[in-house]
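Below: one structure, written as structure tokens.
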Amino acid sequence: MTSYRSPFLKLLSERGYINQISDPEGLDKLALEGPVTAYIGFDATGPSLHVGHMMGIMMLRRLQQAGHRPIVLMGGGTTKVGDPSGKDEARQLLTDEIIGANIASIKKVFESFLTFGNGPTDAVMVNNAEWLDELKYIPLLRDIGRHFSVNRMLTFDSVKLRLERDQPLSFLEFNYMILQAYDFAELAKTRGVRLQMGGSDQWGNIVNGIDLGRRLHGIELYGLTCPLLTTASGAKMGKTAQGAVWLNEDMLSAYDFWQYWRNVEDDDVVKFLKLFTDIPLGEIDALAAGDINEAKKRLATEVTALVRGRDAAEQAAETARKTFEEGALAENLPGVTVASSDLSAGIGVLTAFVTAGLVGSTSDARRQVKAGGLKVNDVAVSDERAVLKPSDLTPEGVIKLSLGKKRHVLLRPK
RNA sequence: GGGGGAAUGUCCCGAGCGGCAAAGGGGGCGGACUGUAAAUCCGCUGGCUAUGCCUUCGCAGGUUCGAGUCCUGCUUCCCCCA
């Protein structure tokens with residue numbers, strides 16, 4: 001199954017995206033015949049997607065690179081129900097307003113990965129609220145519900161897991177798989193979609209859609225899942241001290257985004273270069289053979305360039321170089337501004353670190369002082385009662401606050 | 001409808017004879033060692049105007065000098081009998 005003939009599957013396969021395909025030969029053949037329309041659904045549970053969503057986004061990008069047509073499905077309708085896959089308990093229900101705001105906020109990141117438009121391989125974004133919101137219950141039961149066997153639904157992992165662990169599964173969530181299957185069938189009928197992709201946890205949901213498409217419209221559909229990404233040491237992708245690694249720039253600075261990739265584990269570098277950059281495989285091999293830290297920098301810069309733009313990436317790389325390799329003060333480190341009158345009056349160190357967002361509370365700051373983790377202008381804070389004054393400003397007119405060795409924030413008076 | 005059990009530090013799991021800011025993990029953060037990596041070792045892990053004060057053990061009352069711990073009612077979830 002390793003030798004695909006279509007450029008699309010070949011590309012996905014050699015870069016490590018394939019976990020499972022419903023009908024590999026069939027899909028391979030279809031992809032050779034002409035542009036295939038495929039989609040991936042994204043939940044709108046938060047105001048931004050994060051690194052964990054990048055696998056899916058990149059698969060759509062590869063799809064387009066291989067001459068096919070990606071559809072980004074925003075789950076405006078399904079998010080109201082909540083996907084039980086992989087969750088121990090029901091998520092809190094979101095209001096329409098929040099979901100709408102989330103979608104608006106998520107939308108723009110796709111533009112840096114995909115080319116949208118009206119051409120044959122241009123990407124399109126659709127929202128399943130368009131058709132799910134107006135479904136009528138009884139017609140839904142008659143037309144769709146009759147194709148679903150409860151016996152079979154109970155065997156799906158998302159359901160089985162809850163039942164086995166005695167965790168409640170609401171009827172609402174139980175319906176999620178039906179709606180997702182309906183999405184697939186609907187997109188197949190109205191938009192010519194033939195393939196749904198997703199993470200391996202979506203396999204059951206995707207297979208349901210394939211069945212429904214065949215029963216409802218007699219269309220042969222395909223499913224392809226990618227492995228769920230964990231780091232080399234087994235942790236889930238995309239989580240750091242500060243929480244998720246957001247793709248939206250208003251949620252996480254380009255510098256911090258770059259830093260996330262700079263600090264990945266050694267054993268993940270090649271895998272990530274393949275998955276999250278467009279660097280040719282031959283070049284990746286060369287990077288792997290060279291200095292691992294150079295490879296990490298390249299990874300960080302390329303991924304950041306893809307998500308935030310080349311300029312932001314170069315700037316983040318340069319800021320990191322100055323900060324870590326020269327030990328110099330880099331102007332472009334993340335910063336916060338304080339009123340210069342406050343500074344004149346004197347700002348307590350503890351308060352300053354809280355303001356900078358480096359610690360969560362003054363108590364936390366106190367602990368860090370004891371542990372020797374706080375620095376002002378690269379000098380460790382030893383007195384928790386110290387006060388920052390205008391005389392602490394560097395020649396550049398800022399005060400550099402650091403937590404540990406890696407996290408720095410510039411305090412700017414205004 | 002009847003009987004039994006469970007809910008603990010707003011990340012998670014989980015101990016807790018009436019004196020508890022509450023054992024122990026995991027996770028996370030800091031330090032040491034390194035390479036801005038991993039592994040390992042050490043420390044920390046409720047808040048504050050901080051030798052003290054305030055708020056935490058599903059919710060609301062009660063007993064007590066004192067309650068996570070005892071009593072009553074309520075909520076939610078599990079199990080057994082109908």
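Chain letters run A, B, ... following the sequence lines, proteins first, then strands; residues in each count from 1.
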Output one line per pair: protein atom, nucleotide atom from nucleotides 54-57 of chain B, and distance, for all N/O pairs under 3.5 Å.
none

If we take the [atom1] atom in both [N] and [M], what is their distance in whole Å?
N     : M     : atom1 : result
B:G19 : B:C65 : C1'   : 11 Å
B:G58 : B:A39 : P     : 36 Å
B:G68 : B:A7  : C1'   : 12 Å
B:G61 : B:A67 : C1'   : 14 Å
B:U36 : B:G31 : P     : 13 Å
B:U69 : B:C81 : C1'   : 31 Å
B:C54 : B:U40 : C1'   : 40 Å
B:A6  : B:C59 : C1'   : 15 Å

Counter-base of [N], judged by Watson-Crick or G-U geometry with both distances under 3.5 Å:
N     : answer
B:C57 : none
B:G1  : B:C81
B:G43 : B:C29
B:U69 : none
B:G24 : B:C13
B:U63 : none

Between [Y] and [X], is there a side-chain donor-acceptor contact under 3.5 Å, judged purely by atom types and distance?
X        : Y        : value
A:Gln180 : A:Asp183 : no
A:Ser253 : A:Asp256 : yes
A:Thr78  : A:Asn128 : yes
A:Thr301 : A:Trp258 : yes
A:Gln65  : A:Asp278 : yes

Exercise for the section: Give a yes/no verdict on a cation-pi contact between A:Arg62 and A:Tyr17, requiring under 6.0 Å between NZ or CZ and the six-membered ring centre and an angle within 45° of the axis. Expected result: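 Here A:Arg62 fails the 6.0 Å and 45° test against A:Tyr17.
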Practice task
Verify the contact: side-chain N or O of A:Lys370 to OP1 or OP2 of B:U45, cut-off strictly under 4.0 Å; return yes or no.
Solution key: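 Checking B:U45 against A:Lys370, no side-chain N or O comes under 4.0 Å of OP1 or OP2.
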Exercise for the section: Identify, with sequence neighbours excluded, every residue that meets side-chain hydrogen bond (donor to acceptor under 3.5 Å, both in side chains) alongside A:Gln20. Expected result: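 Per chain and number, A:Gln20 pairs via side-chain hydrogen bond (donor to acceptor under 3.5 Å, both in side chains) with no residue.
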Handout entry: A:Glu384 vs A:Arg367, salt bridge (charged side-chain N to carboxylate O under 4.0 Å, His left out): CA-CA, chis, key distance, verdict
Key = CA-CA 10 Å; A:Glu384 58 184 46; A:Arg367 281 181 220 118; over 6 Å; no
Exercise for the section: Evaluate the side-chain proximity of A:Leu32 to A:Pro7: yes if any heavy-atom separation is below 4.5 Å, no if none is. Expected result: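 Result yes, sub-4.5 Å side-chain heavy-atom pair found.
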[X] [atom1] to [N] [atom2], straight-line distance once rounded to whole Å:
X        : N     : atom1 : atom2 : value
A:Gln259 : B:A37 : CD    : C1'   : 13 Å
A:Gln368 : B:G28 : CD    : C1'   : 11 Å
A:Asp268 : B:A39 : CG    : P     : 11 Å

Fill in the blank from the handout: The contact string for nucleotides 46-51 of chain B, one letter per nucleotide 5' to 3', using protein heavy atoms under 4.0 Å with B, S and - for base, sugar-phosphate only and none, comes out as -SBSB-
Problem - Within residues 325-359 of chain A or reaching into it, pairs that qualify as ring-ring contact (aromatic ring centres under 6.0 Å, His included) - sequence neighbours excluded - result: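 Matches after skipping sequence neighbours: none remain.
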Problem - Pairs touching residues 321-338 of chain A that satisfy side chain to side chain donor-acceptor pair (under 3.5 Å), sequence neighbours left out - result: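 Found A:Lys297-A:Glu325, A:Glu318-A:Arg321, A:Arg321-A:Glu326.
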Problem - N-glycosidic conformation, B:C20 - syn within 90 degrees of 0, else anti - result: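 This nucleotide is in syn.
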Exercise for the section: Kindly indicate whether the side chain of A:Glu325 and the base of B:U36 share any N or O donor-acceptor pair separated by less than 3.5 Å? Expected result: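 It does not, because no donor-acceptor pair links the side chain of A:Glu325 to the base of B:U36 below 3.5 Å.
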Exercise for the section: Determine, for A:Arg152 against A:Asp211, whether the closest basic-nitrogen to carboxylate-oxygen distance falls under 4.0 angstrom. Expected result: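 So A:Arg152 pairs with A:Asp211 through a salt bridge.
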Handout entry: Under 3.5 Å donor-acceptor, A:His53 side chain and A:His50 backbone
Key =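 Checked: pair present.
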Can you name the atoms? Protein N/O to nucleotides 31-35 of chain B N/O, anything below 3.5 Å, with the distance.
unit_1	atom_1	unit_2	atom_2	d
B:A32	OP2	A:Lys405	NZ	3.0
B:G35	O6	A:Asp266	OD2	3.2
B:G35	N1	A:Asp266	OD1	3.4
B:G35	N1	A:Asp266	OD2	2.7
B:G35	N2	A:Asp266	OD1	2.8
B:G35	N2	A:Asn293	OD1	3.2
B:G35	N2	A:Lys296	NZ	3.0
B:G35	N3	A:Asn293	OD1	3.4
B:G35	N3	A:Asn293	ND2	3.1

